[in-house]
Amino acid sequence: YARLAARALRNADAATRCYYTPHGGTLHFAPTTARGVLYGALERRLVSFTDGILFESRFAANKYMSQFGTPGCATKVVTNGLTPAEFEPVMPAADAADFVFVGELRRLKGVDVALEALAKINRTRTVRAVIVGDGPDAAAFKAEAAALDLDTCVTFAGAMRAREAFTLGRTLLVPSRAESLPYVVLEAIAGSVPVIATNVGGIPEIIAQPYGPLLAPGDVGALAAAIVRHLDFPAVIRANAAALKDSVRQTFSVSAMVEGVMEFYGARAATRKAA
């Protein structure tokens, strides 16, 4: 809709320019599905009204090209950035659970996989988790937790701000089946919160080797094993989290993000002036 508005404005003022950033959305729809066909057609049509596309990850750029083809406009990858304040450590509450999930409650985020992994572990040892967020599958996940006898060790806390949510657990679970470049992973790492995540979307661009391993999406056994490692080797996990935080600090800053965006706009403006 915004690009249609830009097209109308351009008809009134040739100086109007339109820039676009896909955040997941159309990239998550398989091109063989009805939605994939519809959104694919819209993307290909709307690119003719677009002067430039900024991608927030290499994954998003590659996925866009493979699904919709090379756009006939300028493109650039500019990753999300974190402010200095976001690198202040997040301290877990005194009664914090072992793990916390923060995100929209829908199957795409893999909450059901986390529940199955927790149930698998709870057959032999007690592990506690808090699920933070809301979404279309909230009722289904609560019912599944009850069916897996997790009522006493899994709490659904509703939606809240990420840094507040991080205090409710000692490790963030990100069992997603698909992602773009999840900001919650960057926030957690910046706040010194250890992370268990899947190898999907742009997550490998944040958590590269040797800070992994990242897990295959949907693999209950692998997630359960990673959870046990975090329970059994807390000192090692904290050391890895500190090293990963230093890596993220060097790459994902607001200053680098702003510089990248402004350089892209400036180059387009210079091209327009020359034309």
Side-chain angles (χ1 to χ4, degrees), residues 1 21-30 33-36 38-39 55-57 59-60 63-64 79-82 86 90 96-119 128-148 150 154-191 193-207 214-220 223 226-227 252:
Y1 290 125
T21 297
H23 283 273
T26 57
L27 303 180
H28 291 329
F29 297 123
T33 64
R35 279 187 174 182
L38 171 62
Y39 283 111
F55 296 102
E56 33 67 82
S57 64
F59 161 78
K63 189 74 178 291
Y64 185 97
T79 58
N80 295 330
L82 296 158
E86 288 173 298
V90 176
D98 302 300
F99 299 92
V100 61
F101 167 90
V102 183
E104 188 178 9
L105 301 189
R106 55 182 178 132
R107 267 188 61 82
L108 188 76
K109 297 296 185 179
V111 179
D112 54 314
V113 182
L115 293 175
E116 290 183 45
L118 293 167
R128 294 194 303 124
V130 177
I131 309 296
V132 176
D134 201 355
D137 294 325
F141 291 147
K142 291 175 183 177
E144 184 171 353
L148 292 169
L150 294 173
V154 173
T155 303
F156 287 83
M160 64 181 71
R161 294 182 180 276
R163 284 182 68 88
E164 179 185 356
F166 295 154
T167 67
L168 303 181
R170 301 181 186 280
T171 292
L172 178 70
L173 294 179
V174 187
S176 302
R177 291 182 170 88
E179 287 286 356
S180 186
L181 191 78
Y183 193 75
V184 70
V185 173
L186 289 171
E187 287 180 293
I189 294 170
V193 180
V195 177
I196 296 175
T198 48
N199 188 14
V200 297
I203 292 178
E205 298 173 43
I206 305 171
I207 308 176
L214 296 174
L215 311 177
D219 191 330
V220 173
L223 180 56
I227 287 172
F252 298 93

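Start at 1 with the first residue, then count along the sequence.
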Phe156 and side-chain contact (heavy atoms from CB on, under 4.5 Å): which partner among Val130, Ile131, Val132? Ile131

State, with a plain yes or no, whether a side-chain heavy atom of Phe101 is found less than 4.5 Å away from one of Val111. yes

Would you sort out whether Ile207 and Ile189 count as a side chain to side chain contact (heavy atoms under 4.5 Å, CB included), showing the intermediate values? CA-CA 9 Å; Ile207 308 176; Ile189 294 170; 4.0 Å; yes

Salt bridge (Lys or Arg N to Asp or Glu O under 4.0 Å) contacts touching residues 156-169 (sequence neighbours left out): none

Taking all non-hydrogen atoms of both residues, which atom of Glu56 and which atom of Asn80 are closest, and how far apart? CB-OD1, 3.7 Å

Of all the heavy-atom pairs spanning Ser176 and Pro217, show the shortest one and how long it is. O-CB, 3.6 Å

So Glu86 and Tyr183, do their side chains get closer than 4.5 Å, heavy atoms only? yes

Spatial distance of atom CD (Glu144) from atom CG (Asp112) [nearest 0.5 Å]: 5.5 Å

Is there a side-chain contact between Leu223 and Ile227 in this structure, where contact means two heavy atoms from C-beta onward sitting under 4.5 Å apart? yes

Is there a donor-acceptor pair under 3.5 Å between the side chain of Asp98 and the backbone N or O of Arg128? yes

With rounding to the nearest 0.5 angstrom, report the CD1 to CZ distance, Ile196 to Phe99. 5.0 Å

Heavy-atom distance under 4.5 Å between the side chains of Leu168 and Met160, does that happen here? yes

Taking C-beta and beyond as the side chain, do Phe252 and Leu181 meet within less than 4.5 Å on heavy atoms? yes

From Leu150 atom CG to Lys142 atom NZ, the distance as rounded to the nearest 0.5 Å: 14.5 Å

Tightest non-hydrogen contact, residues Ala129 and Leu118, listed as CB-CD1, 3.7 Å

Give me the atom names and distance for the closest heavy-atom approach of Val100 to Ala165. CG2-O, 3.7 Å

With a 4.5 Å limit on heavy-atom distance, are the side chains of Val113 and Arg177 in contact? yes

Examine distances only and state if a side-chain atom of Glu205 and a backbone atom of Phe59 form a donor-acceptor pair shorter than 3.5 Å. yes

CD1 on Ile203 to OG on Ser180, rounded to 0.5 Å: 10.0 Å

What distance separates Leu105 CG from Leu108 CG, expressed to the nearest 0.5 Å? 12.0 Å

Can you check whether Phe166 reaches Val184 side chain to side chain, under 4.5 Å on heavy atoms? yes

Around atom OH of Tyr39, are there more than 12 heavy atoms of other residues, nucleotides or ligands at under 6.0 Å? no

How long is the straight-line distance from CG of Asn199 back to CG of Leu215, given to the nearest 0.5 Å? 8.5 Å

Measuring only between side-chain heavy atoms, which start at C-beta, is Pro136 closer than 4.5 Å to Arg107? no

Closest contact, heavy atoms only, Val220 versus Glu116: CG2-OE1, 3.6 Å

